[in-house]
Protein chains: 2
Amino acid sequence: MTDNPELVAVFKALADPIRLKIVGLLARQPYSVEQLAALVERKPSTISHHLAKLNEVGLVSARAESYYNIYQLEPAALEETTRRIFSKEQMSAATAEVDLDAYDRKVVNDFSLPDGRLKTIPAQRKKLLAVLRHLVQAFEPDVRYSEKQVNDILARYHADTASLRRELVGSQLMQREGGGGDYWRIK
Amino acid sequence: MTDNPELVAVFKALADPIRLKIVGLLARQPYSVEQLAALVERKPSTISHHLAKLNEVGLVSARAESYYNIYQLEPAALEETTRRIFSKEQMSAATAEVDLDAYDRKVVNDFSLPDGRLKTIPAQRKKLLAVLRHLVQAFEPDVRYSEKQVNDILARYHADTASLRRELVGSQLMQREGGGGDYWRIK
DNA sequence: GAATTAATTCTATACATATGAAATTAATTC
DNA sequence: GAATTAATTTCATATGTATAGAATTAATTC
């Protein structure tokens with residue numbers, strides 16, 4: 001799913017008082033354009049315009065009768081829309097296409113020099129965590145590192161390797177065995 | 001119920017791709033304005049604007065945390081809206097406030113001279129019926145009229161009283177007893 | 001075939017709104 | 001208290017859209 005333009009279109013179609021009235025009227029019985037125009041007190045050309053929008057998203061359909069165009073509601077489209085809109089699936093689908101790492105990348109970029117080193121270590125917790133999630137990727141999963149090895153790797157980012165190392169452990173991104181043992185990356 | 005401005009407002013709030021994404025994101029977890037801005041790739045001021053619209057209709061709420069404003073979804077508002085929108089009651093309510101006689105009045109007006117007489121008798125069936133529904137009100141309910149009395153009353157509207165009389169009977173708005181008997185208004 | 005009529009399409013206009021830069025506000029950190 | 005920072009508000013602008021008159025199309029009636 002690339003986006004939800006159809007869903008937005010349905011909402012747009014319903015986001016107008018006149019069109020909402022038309023839907024309400026057609027829920028009772030079909031009407032011609034002229035009749036709807038009289039009922040909601042607008043000109044036929046305006047009603048045509050509104051019906052075209054409702055028709056585009058499948059909420060109404062038309063049938064020719066004599067030389068009238070009789071419009072009727074498509075209840076199936078309404079129900080179908082209801083299900084799609086408020087289901088958990090829909091929520092997830094809307095979310096799926098968003099880049100969930102965008103924020104992290106922005107923060108890392110804000111705090112990084114062109115060579116990849118950190119300008120400073122973020123003081124704010126949220127931003128520190130974003131940077132730490134970035135740093136931890138310099139370590140291989142399932143590999144044990146000595147404290148010196150950890151420091152050497154972190155030194156590529158910032159001189160204060162002790163702080164970085166401590167925060168990585170404190171934030172549960174890396175773990176340390178017993179007393180002065182080895183470090184490894186979590187998950 | 002005077003109108004459904006709140007309902008239109010909810011649809012308007014959801015009728016925007018960015019706001020729909022925000023709702024999708026907040027369905028998973030709360031976010032700050034800045035985080036949302038990064039996730040949907042818009043400036044914080046724009047996100048503030050969108051969140052204000054969602055907040056106005058009760059779809060989201062905010063709580064202060066440190067100096068962040070954390071926004072969260074209000075699922076109850078969503079469900080409440082779903083129910084209201086697509087229920088039959090809603091449809092009827094939307095319809096109730098519309099003047100169902102507006103079409104008739106328009107037709108009668110189109111075919112009437114300033115003094116109340118008819119310019120012509122409508123040739124089209126729908127418009128003829130609207131005019132007949134108007135004419136029949138010149139007769140009292142539960143009163144029997146002779147053919148001459150009927151003609152006299154109809155003559156106030158048009159010279160061709162025979163046609164009008166025949167159409168009133170044919171359209172079941174008036175009834176005639178047996179052979180050459182009296183006429184009376186139905187219902 | 002000419003006249004009538006409903007509906008649509010075209011066009012112009014007024015109003016609404018999404019966007020982001022700049023200024024302001026409110027809260028936190030040092 | 002000064003500096004920093006997130007959020008909001010203000011403002012300008014560009015885009016979108018609801019409305020209806022005019023022109024056009026399609027169908028019916030006489």
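Letters A, B, ... mirror the listed sequences (proteins, then strands); counts begin at 1.
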Per atom distances to the Arg19(B) side chain, the nearest of dA7(C), dA18(C), dA7(D) is dA18(C)
Closest to the side chain of Asn69(B), out of dA7(D), dT17(C), dA22(C), is dA7(D)
Please tell me if [X] has a side-chain N or O lying less than 4.0 Å from either OP1 or OP2 of [N].
| X | N | value |
| --- | --- | --- |
| Thr46(B) | dG20(C) | yes |
| His50(B) | dT19(C) | yes |
| Lys127(B) | dT5(C) | no |
| Tyr71(B) | dT8(D) | yes |
| Arg42(B) | dA18(C) | no |
| Lys43(A) | dA7(C) | no |
| Lys53(B) | dA18(C) | yes |

| request: Pick base, sugar-phosphate or nothing for Ile47(A), based on heavy-atom distances below 4.0 Å to the nucleic acid. | output: nothing
Over how many whole Å does the gap from [X] atom [atom1] to [N] atom [atom2] extend?
| X | N | atom1 | atom2 | answer |
| --- | --- | --- | --- | --- |
| Tyr68(A) | dT8(C) | OH | P | 14 Å |
| Asn55(B) | dT8(D) | CG | P | 9 Å |
| His49(A) | dT13(C) | NE2 | P | 18 Å |
| Asp16(A) | dA16(C) | CG | P | 13 Å |

- Within a strict 4.5 Å, meaning less than it, do heavy atoms of the Gln149(B) and Tyr183(B) side chains meet? no
Between Ile18(B) and Gln35(A), the residue closer to the 5' end of DNA chain C by nearest nucleotide is Gln35(A)
- Query: Under 3.5 Å, side chain of Glu167(B) to main-chain N/O of Leu164(B), donor-acceptor pair present?
  - Reply: no
message = Centroid separation under 6.0 Å, is that true for the rings of Tyr71(A) and Tyr31(A)?
response = no
Here the gap from Leu39(B) atom CG to Leu26(B) atom CG, rounded to the nearest 0.5 Å, amounts to 9.5 Å
Using Watson-Crick geometry (N1-N3 plus N6-O4 or O6-N4) or G-U wobble (N1-O2, O6-N3), each under 3.5 Å, dA18(D) is paired with dT13(C)
Check your understanding: Should the pair Phe11(B) and Phe11(A) be assigned to parallel (<30°), tilted (30 to 60°) or perpendicular (>60°) ring geometry?
Key -> tilted
